[in-house]
Trainee: 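I am attaching a structure below and will ask some questions about it afterwards.
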Amino acid sequence: MIREIASPRRALLTSRILMQAVASRPLISDQLRSRFDRAQRVLVLTGAGVSAESGVPTFRGGGQTAVWKGMPFDAMSSGAMLERDLPAVWEWFNYRRGVLRTLKPNPAHDAIARWQNRFDEFTLATQNVDGLHIAAGSRSVIELHGSVWRARCLTCQARTDLRESDHENGVPTCHECGDPMRPDVVLFGEMLPVGAFERAAMQASSCEVCFVVGTSAVVYPAASIPEIARSAGAYVVEVNPEPTPLSEICHEVLAGKAGEILPLFG
Ligand code: BJW
Ligand code: ZN
């Protein structure tokens, strides 16, 4: 049996050639470029990864992970915690808003905001609660999981915009009925805001190109949006440094950071 033993020099040469080949290959294929340029209806679904380069921790990997006083985010952002210790939940959300006030949208948010003027129909659905798409100038954002910038009354469901209020500490109370409020975000097992998923799903079923950016694609029903787009015939493109359960059904996976890849589209 003949076994080829690669010399270290040869291995180095081979890896250099491979690296050059990879470096010279355009990241955006001709196929994707042409579909993007011709598309009239485009949908983008984003997750925590789109805000990672702004300094917002992700939930499940890819940089820092959201932890509060040693407790993982899913313990803090849970219905059980809301019932057991509402002040602690507010402490965690007040802290997050304080951090978010210091952060800015990054080139990925900016690119997505530019796209809304480029297509006849453009839909942005985000799982993020950080408000950075709106800060970047995106309009009509579908906030599937709510926003840290709003509070909702536990009793009468009235909402308060926390950007406009001076609420920084403790539990805010309802301006309508005086009862305690909760963060207007969607926790596991809770329903999404009325009509939010339905609007995104409807646009997914008619878009030509669907971008899935910076989400681990494990939380439903948000993760079903690209699946709907794929089944309806859209060209599905994932932008993420790591593979996800959705990668397999995507036509193209652009492996890298959203803030570096999305601006390449213009
Ligand atoms: C980069 C990057 C860079 C890093 N560039 N990328 C069907 C099947 C199974 C379960 C269910 C199902 N349908 C519903 C469920 C139950 C549940 C669910 O999905 N569970 C699964 C986890 C098993 N879903 C729900 O409960 C939802 N409600 C619901 O379905 O209601 C109907 C119902 C009600 C009652 C009974 C039954 C049904 C609600 C889900 C709410 C999610 N809430 C949270 C917390 C919000 C509040 C807070 O912020 O504290 O939302 S959980 C958390 O995960 C947050 C996120 O929006 C969400 C998704 O996370 P995301 O965005 O994907 O972030 P990560 O961190 O996971 O991933 C980051 C990615 O970025 C990584 O891939 C990195 O590689 C990448 N990345 N740097 C690009 N620079
Ligand atoms: Zn109220």
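These values consider heavy atoms only, across backbone and side chains, with no hydrogens, waters or symmetry-generated copies. In listed order, ligands and their atoms are each counted from 1. Along the sequence shown, the residues carry numbers beginning at 1.
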Trainee: Between His145 and ligand 1, which residue portion shows a heavy-atom distance shorter than 4.0 Å: side chain, backbone, both, or neither?
Mentor: side chain

Trainee: For a side-chain contact (heavy atoms from CB on, under 4.5 Å) with Leu43, tell me which candidate from Glu208, Glu121, Gln203 qualifies.
Mentor: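 Checked Glu208, Glu121, Gln203 against Leu43; only one passes side-chain contact (heavy atoms from CB on, under 4.5 Å): Gln203.
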
Trainee: Under a 4.0 Å heavy-atom limit, does Arg96 contact ligand 1 with its side chain, its backbone, both, or neither?
Mentor: side chain

Trainee: If we only count N/O pairs under 3.5 Å, is Leu192 in contact with ligand 1?
Mentor: no

Trainee: Is the shortest distance from a Lys or Arg side-chain nitrogen in Arg150 or Glu143 to a carboxylate oxygen in the other one below 4.0 Å?
Mentor: yes

Trainee: Below the 3.5 angstrom mark, is there an N/O of Thr58, backbone or side chain, next to an N/O of ligand 1?
Mentor: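 N/O-N/O distance under 3.5 Å: no.
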
Trainee: Taking only heavy atoms of Phe73, which atoms of ligand 1 are found under 4.0 Å from at least one of them?
Mentor: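 Per the distance check, 52 (S), 53 (C).
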
Trainee: For Phe265, enumerate each residue passing the ring pair (Phe, Tyr, Trp, His ring centres under 6.0 Å) test, keeping only those at least two apart in sequence or located in another chain.
Mentor: Phe36, Trp115, Phe211

Trainee: Can you check whether Arg96 reaches Phe73 side chain to side chain, under 4.5 Å on heavy atoms?
Mentor: no

Trainee: Report, as a single number, the protein N, O or S atoms less than 2.8 Å from the Zn ion (ligand 2).
Mentor: 4

Trainee: Given that the side chain starts at C-beta and the backbone is N, CA, C, O, which of these parts of Val129 lies under 4.0 Å from ligand 1, counting heavy atoms, or is it both or neither?
Mentor: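 For Val129, the contact with ligand 1 is made by the side chain alone.
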
Trainee: Using a strict 4.0 Å cut-off to heavy atoms of Val218, name the atoms of ligand 1 that fall inside it.
Mentor: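 So the atoms of ligand 1 that pass are 19 (O), 21 (C), 22 (C).
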
Trainee: How about His251 and Arg230: do any of their side-chain heavy atoms sit closer than 4.5 Å?
Mentor: yes

Trainee: Is there a nitrogen or oxygen of Gln127 sitting under 3.5 Å from a nitrogen or oxygen of ligand 1?
Mentor: yes

Trainee: Do His133 and Ser51 have a side chain donor and acceptor closer than 3.5 Å?
Mentor: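 Checked: His133/Ser51 side chains show no N/O donor-acceptor pair below 3.5 Å.
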
Trainee: At under 4.0 Å between heavy atoms, is it the side chain or the backbone of Phe93 that contacts ligand 1, or both, or neither?
Mentor: side chain

Trainee: In Å, rounded to the nearest 0.5 Å, how long is the span from CG of Leu254 to CD1 of Ile261?
Mentor: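 Taking CG in Leu254 and CD1 in Ile261, the distance rounds to 5.0 Å.
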
Trainee: Distance from Ile249 atom CD1 to Glu227 atom CD, nearest 0.5 Å?
Mentor: 5.5 Å

Trainee: State whether Arg35 and Glu252 are salt-bridged, where the test is any N-O pair (Lys NZ or Arg NE/NH1/NH2 against Asp/Glu carboxylate O) under 4.0 Å.
Mentor: no

Trainee: Which part of Glu53 is near ligand 1, with near meaning a heavy atom under 4.0 Å away: side chain, backbone, both or neither?
Mentor: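 For Glu53, the contact with ligand 1 is made by the side chain alone.
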
Trainee: Need the ligand 1 atom indices (1-based, order shown) with element for anything under 4.0 Å from a heavy-atom of Ala52.
Mentor: 78 (N)

Trainee: I'd like to check which ligand 1 atoms, numbered from 1 as shown, lie under 4.0 Å from a non-hydrogen atom of Leu187.
Mentor: 39 (C), 41 (C)

Trainee: Atoms of ligand 1 less than 4.0 Å from Val219 heavy atoms?
Mentor: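 Matching atoms, with element in brackets: 19 (O), 40 (C), 42 (C), 54 (O), 58 (C), 59 (C).
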
Trainee: Tell me the closest heavy-atom pair linking Ala88 and Met81, and the distance in Å.
Mentor: CB-CE, 4.5 Å

Trainee: Any N or O of Gly214 that comes nearer than 3.5 Å to an N or O of ligand 1?
Mentor: yes

Trainee: So with a 6.0 Å cut-off around CD of Glu198, is the heavy-atom count from everything else above 12?
Mentor: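 Result for CD/Glu198: enclosed.
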
Trainee: How does Glu190 reach ligand 1, by side chain, by backbone, by both or by neither, if only non-hydrogen atoms under 4.0 Å count?
Mentor: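 Glu190 to ligand 1: backbone contact only, side chain stays beyond 4.0 Å.
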
Trainee: Under a 4.5 Å cut-off applied to non-hydrogen side-chain atoms, are Phe122 and Val44 in contact?
Mentor: yes

Trainee: Phe59 and Asp74: side chain to side chain contact (heavy atoms under 4.5 Å, CB included), yes or no, with the steps?
Mentor: CA-CA 9 Å; Phe59 295 95; Asp74 47 355; over 6 Å; no

Trainee: For a quick test of reading the model, state the closest non-hydrogen atom pair linking Phe197 to Pro221 and the distance between them.
Mentor: CE1-O, 3.4 Å

Trainee: Among Thr244, Asp74, Asn240, which residue places a heavy atom closest to atom 76 (C) of ligand 1?
Mentor: Asn240

Trainee: Run through Thr160, Asn94, Thr173 and flag the one making a side-chain hydrogen bond (donor to acceptor under 3.5 Å, both in side chains) with His167.
Mentor: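 The passing option is Asn94.
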
Trainee: In terms of atom number and element, which parts of ligand 1 are under 4.0 angstrom from non-hydrogen atoms of Gly47?
Mentor: 62 (O)

Trainee: Against heavy atoms of Pro221, which atoms of ligand 1 measure under 4.0 Å?
Mentor: 30 (O)

Trainee: At a 4.0 Å threshold, what atoms of ligand 1 neighbour a non-hydrogen atom of Glu242?
Mentor: 75 (O)

